[in-house]
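First the structure, in the form of structure tokens, and then the observations on it.
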Amino acid sequence: MPDHEADGHSLIAKYLRQDRLPHIWCPACGIGPALNCFLRAIDKSGLDPDKISVVSGIGCSGRVAGYVKLDSFHTTHGRAIPFATGLKLANPELKVVVFSGDGDLAAIGGNHLIHAARRNIDMTVICINNFNYGMTGGQVGPTAPYDVRTSTTPYGNFEPPFNLPLLLYASGATYIARWTVLHLHQLEGTITEALLKPGFSFVEVISPCPAVYGRMNKEPEGLDSLKSYEKRSIIKNGADPKEVDITQNGPIIVGKFIDVDRPTLHGSLGVVAERARKPTKK
Amino acid sequence: MPDHEADGHSLIAKYLRQDRLPHIWCPACGIGPALNCFLRAIDKSGLDPDKISVVSGIGCSGRVAGYVKLDSFHTTHGRAIPFATGLKLANPELKVVVFSGDGDLAAIGGNHLIHAARRNIDMTVICINNFNYGMTGGQVGPTAPYDVRTSTTPYGNFEPPFNLPLLLYASGATYIARWTVLHLHQLEGTITEALLKPGFSFVEVISPCPAVYGRMNKEPEGLDSLKSYEKRSIIKNGADPKEVDITQNGPIIVGKFIDVDRPTLHGSLGVVAERARKPTKK
Amino acid sequence: MKLWRTPFDHNHSAEPLAYVFIDRERCKGCGFCAEYCPRDVLKMGSELSSKGYQLAVVKDGSKCLACGFCELICPEFAVKLTINNKAHSEIKP
Amino acid sequence: MKLWRTPFDHNHSAEPLAYVFIDRERCKGCGFCAEYCPRDVLKMGSELSSKGYQLAVVKDGSKCLACGFCELICPEFAVKLTINNKAHSEIKP
Amino acid sequence: MTENGHLLGEFFINGDVACAEGAISAGCRFFAGYPITPATEIAERMSRRLPAIGGTYIQMEDEIASMNAILGASWAGVKSMTSTSGPGFSLMMENIGLGVMLETPCVVVNIQRAGPSTGLPTLVGQQDIMQARWGSHGSYEIIALSPDSPQHMFDLTVKAFNLSEKYRVPVLMMSDEVVGHMSEKVVIPQISAADLIYRKMPQIGAGAYHPYKADESLVPPMAIAGQGYRFHVTGLTHDERGYPAMTAAAQDKLVTRLIDKIRLHADDIIMYDEYMTDDADIVVCAYGITSRIARYAVKLARQKGIKAGFLQLITLWPFAEKRVRELASQVKTFIVPEINRGQIVYEVERCSCGKARSVSLPHSGGDVHRPETILAAIKECHA
Amino acid sequence: MTENGHLLGEFFINGDVACAEGAISAGCRFFAGYPITPATEIAERMSRRLPAIGGTYIQMEDEIASMNAILGASWAGVKSMTSTSGPGFSLMMENIGLGVMLETPCVVVNIQRAGPSTGLPTLVGQQDIMQARWGSHGSYEIIALSPDSPQHMFDLTVKAFNLSEKYRVPVLMMSDEVVGHMSEKVVIPQISAADLIYRKMPQIGAGAYHPYKADESLVPPMAIAGQGYRFHVTGLTHDERGYPAMTAAAQDKLVTRLIDKIRLHADDIIMYDEYMTDDADIVVCAYGITSRIARYAVKLARQKGIKAGFLQLITLWPFAEKRVRELASQVKTFIVPEINRGQIVYEVERCSCGKARSVSLPHSGGDVHRPETILAAIKECHA
Amino acid sequence: MKKAEIRLAGFGGQGIVLLGNIIGKAASIYNNSYAALTQSYGPESRGGSCRAEVIISDSPVEYPYITDPGVVVILSQEAYNEFGAGAKDHVLLIVDSELVKIDNPPAARMLSIPASRLAQEMGKPVVANIIMLGFLAANSDVVSREALEKAVKDFIPAGTESFNMKAFELGYSYSSPDKGPA
Amino acid sequence: MKKAEIRLAGFGGQGIVLLGNIIGKAASIYNNSYAALTQSYGPESRGGSCRAEVIISDSPVEYPYITDPGVVVILSQEAYNEFGAGAKDHVLLIVDSELVKIDNPPAARMLSIPASRLAQEMGKPVVANIIMLGFLAANSDVVSREALEKAVKDFIPAGTESFNMKAFELGYSYSSPDKGPA
Ligand SMILES: Cc1ncc(C[n+]2csc(CCOP(=O)(O)OP(=O)(O)O)c2C)c(N)n1
Ligand SMILES: Cc1ncc(C[n+]2csc(CCOP(=O)(O)OP(=O)(O)O)c2C)c(N)n1
Ligand code: SF4
Ligand code: SF4
Ligand code: SF4
Ligand code: SF4
Ligand code: SF4
Ligand code: SF4
Ligand SMILES: [Mg+2]
Ligand SMILES: [Mg+2]
């Protein structure tokens with residue numbers, strides 16, 4: 001029996017700042033289980049935890065940086081990725097993980113997200129998608145399905161959402177997966193793979209926010225959301241990202257969608273550095 | 001013989017601020033021909049020019065707003081789209097066109113670009129893609145092909161570029177086309193169609209920048225670039241956006257790639273307004 | 001949908017494969033563990049915690065598979081699973 | 001690649017279908033019009049403009065198709081095409 | 001609700017909601033924003049109210065987009081507003097500058113929390129006061145107001161729109177978390193057309209209209225998109241036609257007008273309130289939530305026989321320079337409590353020219369001053 | 001070139017290039033930027049130089065990303081820099097605040113052009129001086145320097161890195177278009193380890209290390225990522241452990257230290273230069289490119305027998321308050337020419353306390369003052 | 001000048017700010033007094049400590065913070081420890097006996113009601129605050145019952161009026177086991 | 001104090017700033033003088049008006065702007081109209097005769113060379129500025145020929161040295177039809 005399964009709680013003690021518990025998340029929030037998977041994945045990956053940096057933006061999900069017992073950076077709203085880019089470029093030995101929310105990564109931070117994917121920088125981005133801005137009280141976010149109720153769409157959301165795996169695919173990410181917080185073993189495995197994958201990896205985690213999003217959308221308890229995921233989710237590894245968009249009540253396609261190889265930013269930077277060091281005429 | 005063909009120069013007089021000529025663009029720059037097509041498309045579209053607003057960001061391409069004899073807004077770098085969003089939402093009668101450069105729209109403005117496409121707001125975005133930041137002297141841009149020389153990639157570009165049609169497709173744009181400034185009749189026709197298309201339309205114009213990009217990439221004369229386009233471009237209407245990325249010397253796939261229908265933002269806003277006006281209990 | 005793993009052939013075990021402990025200070029009564037325990041080891045009790053949350057309790061510890069799902073899904077890091085090594089050693093692979 | 005249109009069956013015309021005028025103040029000598037005129041009506045001259053640019057000139061106006069490509073491609077809005085209505089009226093559709 | 005969509009009557013609402021209602025009463029029909037504590041309630045209120053009355057609410061992808069969207073909406077002829085707090089306000093700086101340069105009426109609300117950076121998101125600060133004046137690059141002047149209660153939020157929001165339309169400049173509502181989140185009775189009166197100012201429109205035809213040609217008011221008439229003026233505006237330095245003009249002379253002409261249209265109308269713009277300053281030796285100068293505490297402390301001081309007075313800055317920018325200079329000749333000491341580490345006190349000190357002493361009562365934020373703290377300072381200065 | 005990658009010798013280069021070389025000499029090995037006139041040459045130089053000497057150049061998608069990237073790089077232990085001009089500087093404001101809050105050494109260069117907004121992109125301004133001090137939300141202190149020549153660009157960039165590492169604060173190089181684009185001889189000396197300051201590293205083990213626990217220097221030692229400290233930092237108000245602490249008390253403790261580590265070391269930080277101030281009645285106070293013109297004008301005035309002197313501010317922030325207060329007791333008038341509509345003159349006026357008169361010589365930008373203008377002002381004050 | 005200061009303390013999600021709003025509105029709109037409601041809360045959406053404070057006065061409220069509350073309503077152990085245990089004897093302390101464990105009786109006059117259990121028994125835990133409000137109305141005279149009932153109706157979702165009035169009534173008629181209404 | 005002020009004016013793309021750099025570097029690095037080069041240009045990458053001004057002095061340059069140029073090199077009609085036509089008689093005016101049409105001879109001493117045509121004849125229009133530099137070297141003594149040649153080599157692309165030296169020589173030995181070198 002591998003170590004990480006045998007001893008979940010000691011793993012938690014190893015990677016979690018237990019002096020900071022209880023955390024600030026609401027009862028039945030999905031961030032906790034996702035974090036749990038992340039901690040186990042770190043262990044499973046065999047990476048040296050001293051060389052892992054976790055960077056978060058602002059939001060409930062963005063509080064993860066504050067709980068992991070790793071070098072961790074709680075930056076500004078939307079800016080985790082460029083901060084992480086600086087970290088990684090300045091010290092390529094680091095494994096840099098961005099853990100944040102849908103609003104942080106895809107609303108205010110959307111540009112950084114697509115540019116980081118384009119560069120194929122070595123970085124794992126874990127996005128808690130709870131379809132809204134939990135921390136500020138449940139406003140509509142760029143992944144909120146059409147017509148849902150939020151505190152700023154009292155008459156129904158009039159904007160269609162991003163299909164994040166497709167957006168990331170189009171931007172150049174080389175590893176893209178999605179699970180719900182019910183698919184915990186899969187999520188753990190996926191994050192482990194993502195951590196070990198060179199280049200830009202993106203893991204979307206569909207997660208309940210009972211306190212605000214759920215309350216306004218007939219899932220006032222976290223369990224309601226999990227049951228809905230249980231009913232709606234379909235595992236489809238290798239699914240075409242085009243076909244994985246999420247609607248209010250439609251299926252939630254989960255799985256590992258993309259896993260391809262492209263030159264990483266660090267590889268290309270190496271080539272350039274070599275050219276630069278070659279003595280030229282001038 | 002349709003009016004617009006018979007009388008190009010009077011059209012120019014009609015839609016161009018001739019008191020501002022000569023313009024500031026370098027000799028053999030591709031922005032002029034693209035602008036020419038745009039002016040003709042306006043005429044061809046039959047839209048009331050008094051109801052057309054042109055919004056540009058900052059850059060050589062962004063100077064277009066200053067030359068069209070229409071309500072026109074030269075805003076800040078990257079922000080043409082949100083400015084245009086405000087214009088359009090506040091007065092849905094306006095036809096709003098954003099005319100700007102690859103750096104403006106896809107580097108600093110990338111987030112606004114994808115969000116506007118997601119919303120499917122009624123707006124036509126014309127993007128002059130000259131693979132670099134012309135105005136500031138030829139730095140690498142997010143569409144610059146891998147390995148090209150620019151003033152900030154003296155050892156070759158180490159970042160892969162965006163495939164803009166794919167990015168726009170993934171974001172939700174309902175009309176996507178690409179032409180070079182050699183495909184002028186096609187470009188004119190495409191812009192005309194885009195202007196008349198409800199929802200978000202995106203037209204990419206591949207355009208020479210001999211003064212800086214060309215100079216550094218073996219196309220010091222504008223003609224060199226046009227000849228290269230002539231050789232490399234392949235018309236492929238309906239091409240899968242996945243397959244239209246541009247490399248340093250590879251083929252340039254041009255054509256109308258996407259033309260689909262999705263509810264527009266204004267349509268959905270109408271639904272919401274109706275719900276809001278319905279007297280409720282409280 | 002298969003959410004958990006069956007670690008061993010549990011029928012061969014006489015003792016529980018693991019002991020489940022719920023931290024009463026941490027549990028916030030979300031019910032995830034009880035709902036998704038594949039063996040109905042856990043249930044929601046009627047007692048309230050000091051903050052007023054309904055606490056999860058162990059209903060029948062002997063049925064535990066040691067699958068770890070309860071530990072993994074608990075948002076509060078409140079579930080602690082202790083593997084019963086004795087029970088495991090009894091199992092012949 | 002077909003970049004221009006052939007508006008009429010030009011062979012039927014005796015007179016040029018259009019007169020091309022190059023604005024010497026605006027032309028910056030990019031050569032686009034000369035290179036892409038389908039009928040070689042235009043060419044780059046040897047004379048320099050006041051700013052030092054090599055000017056485009058009409059080589060053989062009689063061959064003009066009135067296709068408009070020169071006007072469309074000129075980055076400087078320097079080409080002015082005047083349709084010869086007389087010539088056009090001579091053409092029977 | 002009236003026909004125009006604005007409410008009428010008495011309401012027990014918080015400052016954020018009062019601000020939203022003030023905007024609606026002022027004729028605002030476009031709101032673009034991005035949620036942030038403690039300003040979110042303004043957006044939420046607008047999202048519920050506007051669609052029902054022919055207005056538009058949009059949540060943009062960030063604050064930069066929000067700021068630009070309200071500029072665009074204003075150029076489409078609709079009064080527009082956004083709201084935010086410190087971090088978002090910082091992000092808006094570049095495009096507040098664009099608003100100044102294009103001379104675009106609009107209102108930006110900052111419900112201040114404690115910084116720097118993310119700081120204390122749910123707790124009060126008054127730390128963006130100098131930022132309101134100087135936060136965007138380049139030389140410019142701006143108008144900023146500071147409300148002290150939900151009613152004041154309502155009233156000053158209406159005022160902010162009026163000033164903005166009159167002077168064609170973004171007006172900043174520099175409120176704070178306590179005022180934004182406290183609830184009190186707010187009376188919303190009948191608002192008639194006469195109470196509201198709308199931007200001057202051009203009176204001449206499209207051909208003759210120059211977007212940046214001003215009369216002696218220094219504020220040019222503003223054409224809006226879609227009416228046939230076919231005008232051009234740019235964030236570049238420009239001439240009266242709105243065309244780029246890349247010379248120091250054009251720059252001087254433009255910037256001078258942009259600055260003078262505010263500076264020369266300071267008397268029309270500046271609002272302050274005084275309490276027992278007539279015979280005061282010591283004047284406490286405060287604004288926003290702190291002014292309620294300061295006023296209370298001054299009352300306590302008077303009860304103790306100390307000749308204290310109170311100056312409440314309602315307009316923060318332009319600064320009430322003239323009045324402070326006058327008072328400086330009369331009083332011995334200014335005491336300036338503010339929930340920051342010294343901002344307005346710099347202006348008070350500057351304008352005092354050494355005639356009166358300026359005492360800063362700084363506060364790092366997260367809470368308000370205690371009346372005793374201010375009272376103690378008054379006593380100390382009195383001794 | 002030396003082994004360390006820095007140049008050695010005499011060069012005829014412009015201020016932008018000198019700045020880049022200064023950074024390299026100071027040990028900067030990470031540059032993230034976004035092109036903007038007139039700062040682009042710095043990025044271009046870095047893009048050519050860094051890859052050859054083991055450093056990294058990256059062009060980010062905007063200035064916000066650039067600013068965050070240099071913060072990240074600094075936490076990876078690498079000295080980092082970005083450069084921009086007004087519009088980009090405005091965009092960086094929020095995350096300069098993050099740099100202040102996390103106490104992250106880094107250098108931000110602003111080659112000022114004339115604003116507001118896009119203004120005159122290729123022409124000079126000195127209009128972001130107050131913005132440098134107040135542009136981010138919240139209460140904080142910062143360090144800003146102002147060079148007057150390419151040589152000064154080199155020297156002060158080295159100095160900027162040293163101050164930044166010493167005080168763990170972003171240091172702003174507030175240069176301008178003329179200095180950035182003018183070329184002069186720059187002497188690059190041999191730079192030894194002793195000339196350079198590197199941040200204090202923790203001397204204790206990971207368990208005992210608290211990222212925000214400072215000794216009497218008020219500057220805590222800084223661990224960097226990847227060394228086993230497993231530390232946490234946040235832009236929220238935090239305690240010594242770096243953990244969020246959402247109370248007014250924690251806020252006060254933190255903000256007080258952030259402010260005091262600058263204010264209490266003002267004497268170590270502040271640099272100025274004087275010319276013939278000893279017996280001066282009139283002192284011209286200037287900075288950046290304007291100081292060269294002002295110094296020249298003062299020389300002309302002295303030739304005419306006027307007792308003029310010159311105070312050049314090399315450190316803009318913290319402001320040379322003590323020296324100005326001293327001079328105010330001695331001189332009759334300060335004349336403050338600056339390429340803005342009055343910024344540093346506010347500080348001069350404030351610190352003069354009415355003892356000396358302050359005369360502002362504003363300029364809207366796009367050009368520098370003519371020496372005659374300053375001379376005329378001196379004469380007028382003299383008369 | 002008549003002035004009453006009320007403190008409501010517990011944790012996020014209990015509807016404490018709503019209670020403050022109901023009381024404030026009842027006083028200022030339906031009872032023609034002046035009222036100011038301030039609140040403080042942490043970054044948590046639920047579960048963090050949360051406080052609402054109301055001043056009711058017959059003249060405009062100048063200084064908007066309470067200095068000496070006459071009524072303190074306590075909805076969590078933490079809140080009790082901070083604001084209840086040390087409350088002076090002129091204070092009326094109202095606690096949810098289900099959520100607060102009291103070791104030594106406080107100096108203040110204390111009334112308790114198991115509002116959260118009663119609410120759970122009604123099948124809707126969220127109405128605990130309305131039960132508490134009814135209890136407060138019965139045991140203090142800061143605002144009239146009529147005004148409070150009107151205000152409750154303004155704040156609750158349409159269609160839940162009668163249920164909420166039942167909750168209010170339950171609290172109003174609850175007789176505390178402690179030193180009851182005099 | 002010896003001081004020379006040189007103004008170079010034309011439009012963008014003519015290599016005017018490069019000329020300024022060459023002169024400045026020649027003076028300050030190879031001739032051991034002090035030099036300051038300032039420039040001004042518009043937003044256009046090419047074709048806008050462009051100016052470079054060099055001060056050469058044997059003591060450090062304080063005020064970095066030229067006040068009274070001794071040499072003015074003119075590379076466009078616009079520049080001539082602005083800086084050439086009115087130049088005083090102590091000024092040495094050097095113009096590209098191909099690009100400037102002069103109606104009335106200026107007060108200044110004028111020398112002209114058709115540098116842009118000569119460059120075109122050499123097959124590389126971009127070397128017009130180097131031809132002009134050679135001509136300037138021959139007709140003024142602000143910087144030594146050796147220093148200028150060294151500086152030219154520092155700025156041009158590797159491999160183009162001999163071509164550029166040929167251009168320089170062409171200008172150096174060109175004999176102006178106007179009032180030539182005295
Ligand atoms: C510049 C800026 N704008 C807005 C905010 C306010 N804010 C904090 S968290 C957040 C949204 C968080 O949403 P998401 O990333 O989805 O995280 P969640 O809370 O849902 O996990 C916002 C808008 C901020 N802190 N900074
Ligand atoms: C906030 C900000 N950052 C940077 C700039 C400088 N800038 C002006 S134009 C430009 C790039 C333009 O590139 P692109 O949009 O591709 O237009 P092009 O000139 O190539 O047509 C940049 C970076 C600016 N004006 N504002
Ligand atoms: S608000 Fe939503 S996302 Fe945030 S902690 Fe609560 S449940 Fe989780
Ligand atoms: S720099 Fe390039 S894009 Fe800009 S005007 Fe010149 S050729 Fe065109
Ligand atoms: S480990 Fe947990 S989830 Fe699995 S069977 Fe045992 S109690 Fe149930
Ligand atoms: S999952 Fe955790 S918090 Fe939820 S009921 Fe079980 S033990 Fe309690
Ligand atoms: S219209 Fe122009 S391009 Fe066409 S044939 Fe005539 S000259 Fe040639
Ligand atoms: S296309 Fe225009 S600018 Fe180019 S050569 Fe022809 S006329 Fe001249
Ligand atoms: Mg979210
Ligand atoms: Mg471009």
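Throughout, protein chains are lettered first and strands after them, A, B, ... in sequence-line order, and every chain is numbered starting at 1.
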Report, as yes or no, whether the 6.0 Å neighbourhood of atom CD on E:Glu380 holds more than 12 heavy atoms from other residues, nucleotides or ligands.
no

With a 4.5 angstrom heavy-atom cut-off, could you sort out which part of E:Ile289 is near chain G: side chain, backbone, both or neither?
side chain

Working to the nearest 0.5 Å, report the span between OG1 of G:Thr67 and OH of E:Tyr296.
5.5 Å

Less than 4.5 Å apart, any side-chain heavy atom of G:Pro64 and any of E:Val368?
no

Spatial distance of atom CZ (E:Arg370) from atom OH (G:Tyr65) [nearest 0.5 Å]:
12.5 Å

Got a donor-acceptor contact below 3.5 angstrom from the G:Gln39 side chain to the E:Met182 backbone?
no

Closer than 3.5 angstrom, by distance alone: can the side chain of E:Arg292 be matched with the main-chain N or O of G:Tyr63 as a donor-acceptor pair?
no

Between E:Ser149 and chain G, which part of the residue has a heavy atom less than 4.5 Å away: side chain, backbone, both or neither?
neither

Sidechain-backbone polar pair: E:Lys185 side chain, G:Ser28 backbone, donor-acceptor under 3.5 Å:
yes

For a side-chain contact (heavy atoms from CB on, under 4.5 Å) check, start with the C-alpha distance between G:Val61 and E:Glu184, then their side-chain angles and the critical distance, and finish with the verdict.
CA-CA 9 Å; G:Val61 177; E:Glu184 291 187 319; 4.2 Å; yes

Roughly how far, to the nearest 0.5 Å, is CD of E:Glu177 from OG1 of G:Thr38?
9.5 Å

Once rounded to the nearest 0.5 Å, what's the spacing between atom CD1 of E:Ile13 and atom CD1 of G:Ile29?
9.0 Å

Between atom CG of E:Asn14 and atom CG of G:Leu37, what is the distance when rounded to the nearest 0.5 Å?
8.5 Å

